[in-house]
Structures are given as structure tokens and as C-alpha cells.
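Here it is: the structure, laid out below.
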Amino acid sequence: MTATITTTGLCPVCEETIRIRNNGTLYRHEQPYDPDGPIVGTITDGGVVWHTQCGGSGRKPAVALPMTFARWLHGHAARRDAHENPVTYLAQRMFRGCSYSPRSGPADVDWSTAGELHEVLHREGFGREGGCDWLCGYVEQAGEDFARSVGG
Ligand SMILES: [Zn+2]
Ligand SMILES: [Zn+2]
């Protein structure tokens, strides 16, 4: 068995990026909180709504998205090991935003490969003059981890 490439797709209902099952349908996922959105619930035999599930769960994605470095990195942003895992640290640094800017996702950034991210960091002044900084090493390591995870 080779490593499975995690494919993602755009949910036709909530427009979130959701992982796709082997049979081509979207994994079950919760509906993101939207005060204006319709209430979608799963009702058990007892008539109790126990889960707010997105109506796009189990459906075919609107668009199947190939796994990119940006999407892969974004998937690490929720981990709690940033203090010891350069990949998590980088993911949170690139996607978490701060109290002044909302969290961003893979669609909000203008890079999709590790090489492009590296260029962006230099453009924003992270690299030393004419050279690379420690953050560049994180990007390099994340790029290698990503290549391994997609079987590259
Ligand atoms: Zn959805
Ligand atoms: Zn560099």
C-alpha cells in the first residue's frame, strides 16, 4: 500500500474544503456556525437533534480540489504542538491570523507551493539580506514532509 493522498473538495452547501471519501463523496462534517444560515439537523428516532450536520455531508463535492502544499499546511493549523513541531508552527503563523485579522484559509493566500511560500516570506522581509532565515528552514522541512505525505 502506498500512502493515501488526501483529496479534498468544495462542499456544495457550506463551501468549506472537506475531505473526500474513497467513493468520491464528502466526509460528514458539521455545518459552520452561520447566524443567517438554515438550521440543518440530524434527527434520531427519539426526535432529538443531536448533531448539526452540514447538508453537503455525503454528497459529491462541487469541485474536487487537488491537494496542494497550502491545503496540506492549513490542515496542521489546529494542532497543539506548535512549540515542538515546525510544521504546526508554520501553519499557525500563516493561517491563524491575529486579533486584528480574521483567520485565513488556503483560498486566501497567494501561494500554493512551499517554494512560493518561501518567496512570499522573503518578500515580506523574513529572510536575512541575501540569505535565508530560520523560518526558511521550517518551510523547507514542511515542503519535504508534504512531498512525503503525497508519496513524492
Ligand atoms: Zn458542507
Ligand atoms: Zn529563504
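Just so you know, ligand 1 is whichever comes first in the structure, and atom 1 is the first atom listed for that ligand. For this chain, numbers begin at 1 and follow the sequence in order.
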Opening angle between SG in C54 and SG in C14, taken at the Zn ion (ligand 1), to 10 degrees
120°
Which donor-acceptor pairs under 3.5 Å do the side chains of residues 64-71 make with protein atoms, sequence neighbours left out?
{"residue": "T68", "atom": "OG1", "partner": "A70", "partner atom": "N", "Å": "3.4"}
{"residue": "T68", "atom": "OG1", "partner": "R71", "partner atom": "N", "Å": "3.2"}
{"residue": "R71", "atom": "NH1", "partner": "P66", "partner atom": "O", "Å": "2.6"}

If you stand at the Zn ion (ligand 1) and look out to SG of C11 and NE2 of H29, what angle do those two lines make, to 10°?
110°
For R79, does its backbone N or O pair with a side-chain atom of Q92 as donor and acceptor, under 3.5 Å?
yes
Solution key, residues 54-62 side-chain donor-acceptor pairs under 3.5 Å, sequence neighbours excluded:
{"residue": "S57", "atom": "OG", "partner": "H29", "partner atom": "N", "Å": "3.0"}
{"residue": "S57", "atom": "OG", "partner": "H29", "partner atom": "O", "Å": "3.3"}
{"residue": "S57", "atom": "OG", "partner": "C54", "partner atom": "O", "Å": "2.9"}

The angle formed at the Zn ion (ligand 2) by SG of C136 and NE2 of H122 is about (to 10 degrees) 100°
Quick one: does D108's side chain have a donor or acceptor within less than 3.5 Å of a partner on G105's backbone?
yes
